[in-house]
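A note on names: the letters A, B, ... follow the listed sequences, proteins ahead of strands, and every chain is numbered from 1.
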Protein chains: 2
Amino acid sequence: MTVSRVLRNRGDVSKATREKVLSAAKALGYVPNKIAGALASQRVNLVGVIIPSLSNMVFPEVLAGISAVLDETPLQPVVGVTNYRPEKEERVLYEMLSWRPSGVIIAGVEHSAASRAMLENAGIPIVEIMDVDGEPVDSMVGISHRRAGLEMARAIIAAGYSRIGFLGTKMPDDHRARKRMEGFEEGLAEAGLALEDREFYSGGSALLKGREMTEAMLARSPDLDFLYYSNDMIGAGGLLWCLEKGIDVPGRLGLAGFNGVELLDGLPCQLATMDACRREIGRKAAEIIAGTAPEGAAGVRLELTPRLELGDTIRKPGQTA
Amino acid sequence: MTVSRVLRNRGDVSKATREKVLSAAKALGYVPNKIAGALASQRVNLVGVIIPSLSNMVFPEVLAGISAVLDETPLQPVVGVTNYRPEKEERVLYEMLSWRPSGVIIAGVEHSAASRAMLENAGIPIVEIMDVDGEPVDSMVGISHRRAGLEMARAIIAAGYSRIGFLGTKMPDDHRARKRMEGFEEGLAEAGLALEDREFYSGGSALLKGREMTEAMLARSPDLDFLYYSNDMIGAGGLLWCLEKGIDVPGRLGLAGFNGVELLDGLPCQLATMDACRREIGRKAAEIIAGTAPEGAAGVRLELTPRLELGDTIRKPGQTA
DNA sequence: ATGAAAGCGCTAACAT
DNA sequence: ATGTTAGCGCTTTCAT
């Protein structure tokens, strides 16, 4: 019918007919059936976005970046959550691909063999995000978490700390947290140092866990002069606890987290951290899918550089211990 | 073909053929085309979930409740975010309905005329969530925010506070925050009281805003003996600021927030709050769509009861001012 | 500028 | 237990 032409603003349609169709559609409360449309046109304006979690502050911000870009295009994000579980990632990916989206943005470069095969055979642009330490299927946008850990270690050592503890998540499938820790240990090793203590948690309120783990670690290893947290939320918990106990931060004890979450702005003092470029990663990934990225639309490899923010919890050069 | 039968475990298929089809499918990396399937069967295993925001802690938790329930069913959630904007809600809803989902879960009971018309004509189960102060299109699961505000006011007055300030978001379209404030003022009015000061913010780090607004309000109205925050995040910022300044909480100044977010567990002391039953709301809404709710699948009206948690920031009966 | 017809890749109903 | 057929509601192409 001509109707189809009107609703998609295609082809030549006379003004009169157009108006008539439009008003009829509105009167009937007509909503076109995209299923049929997609089947006929072999085009689907959906972009699959697969992320491990929504409950921390990091992925929602990536999503915000993606949405900001896609809002300017006909594309729409559809998000799937894996809870850091490879089997769930497989399921979610399978479901998504069965809708034949225009592209997929997926967190991480580690995937099960089946997932990787699906991504490779999908025949659409794939962007793996967050992490660049690995071989991408197609495009890749992120930061090097290994390097982030490494540089934080160097900064800490440069500030004169040497007895260092690590506090993080107990997540075998959070590869980025793992890589940060490995990079961090590598950085310590450069200076002939090693982690003196470490502790991992899972589940629960991160702020509370940070508080509890800090207390436990300091009770166990009172000589530590620095604590590196695998994320800002537990770091903030630790910081609050130290402040409460009157511990001299950063003199007696230095602290650092990771992510650069907005939350930190509201703390009594600024926790040292490293910005993970979350929003920018989302923007870039979306641009690659939308085909508006200057870098192109396939095989792009983009490594962003996280900014180290010393804040108030690492000694500055002049400051004495 | 028989293939269709195998992939959907339907009808009688011999073991041998089944195996053959399955292995062939795997070898070819075959992913079925749900578009064609949906068109043919007139069934789509998608549930549209429309929420205003992902950047606070409240909606992700609702989503977690929804996912937990839908994971046991063939249904899959697809989320859309409106940023509290009615026009965006309209667009997102239109897009979703054009995929003919099995149901829609949507936050709030206030919608534009066009959105309401779409919901009414969709011919699928609709569940409006979070808020029960209004007339639903179909089903409704939530709490009464008006009553939540009212009861908080009563508790505060019962504890002996009388010079009360309000701090909240400047969001004309956050109807739930508005209703809480209205209910709160109603509660004050019962005791012949009224708000002595109020301040609203928008954007930025909520924790930081809470800190700044608290400082500003106390500078302006030093006689206040209670601050009611429209959410826990700004409440936490205010609490941290008070602790820092050595203000006697809850003796000299009482504080309360709203939501019952997990974050509060990690604070130096427990902020009074009211649990919004977020996870439970998500679960119930999903059950209604899935048809597994004992209440039925259409026209359900479910009001949950938020629990008041006095924490450490409201005086207990025995405590003196 | 408009209409007619084929067909997208499946499912459902009906053969066999 | 397996094969056959007619659509699902659009888009596309070709005709008028």
Heavy-atom pair of closest approach, residues B:E89 and B:T82: CA-CG2, 3.6 Å
For atom CZ of B:R100 and atom P of C:dC10, their distance in whole Å: 21 Å
Any A:N56 side-chain heavy atom under 4.5 Å of A:S53 side chain: yes
Whole angstrom value for the distance that separates C1' of D:dA1 from CD of B:E19: 16 Å
pair B:R301-B:V132: side-chain heavy atoms closer than 4.5 Å: no
Closest heavy-atom pair and its distance - B:V81, B:P52: CG1-O, 3.6 Å
Distance in angstrom units between A:W99 CH2 and C:dC10 P, rounded: 12 Å
Dump the pairs, protein N or O against N or O of nucleotides 7-9 of chain D, anything under 3.5 Å, distances to one decimal.
{"unit_1": "D:dC8", "atom_1": "O3'", "unit_2": "B:Q42", "atom_2": "NE2", "d": "2.7"}
{"unit_1": "D:dC8", "atom_1": "O2", "unit_2": "B:L39", "atom_2": "O", "d": "3.4"}
{"unit_1": "D:dC8", "atom_1": "O2", "unit_2": "B:A40", "atom_2": "N", "d": "3.1"}
{"unit_1": "D:dG9", "atom_1": "N2", "unit_2": "A:A36", "atom_2": "O", "d": "3.2"}

From C:dA12, D:dT12, D:dT2, nucleotide with atom closest to B:R43 side chain: C:dA12
Minimal non-hydrogen separation, A:T169 against A:A177, with atom names: OG1-CB, 4.0 Å
Passing candidate, side-chain hydrogen bond (donor to acceptor under 3.5 Å, both in side chains) with A:D131, options A:K179, A:R176, A:R146, A:H175: A:K179
D:dC10 phosphate, OP1 or OP2, under 4.0 Å from A:S4 side-chain N/O: no
Length of the line joining B:R18:CZ and D:dT2:P, which is rounded to integer Å: 11 Å
Within residues 118-145 of chain A or reaching into it, pairs that qualify as ring pair (Phe, Tyr, Trp, His ring centres under 6.0 Å) - sequence neighbours excluded: A:H145-A:F258
Side-chain N or O of B:S14 closer than 4.0 Å to phosphate OP1/OP2 of D:dT2: yes
A:M130 to A:A107 - nearest heavy-atom pair and separation: CG-CB, 4.1 Å
Terminal axes of the helix from C:dA1-D:dT16 to C:dT16-D:dA1 (five pairs each): angle between them, nearest 10 degrees: 40°
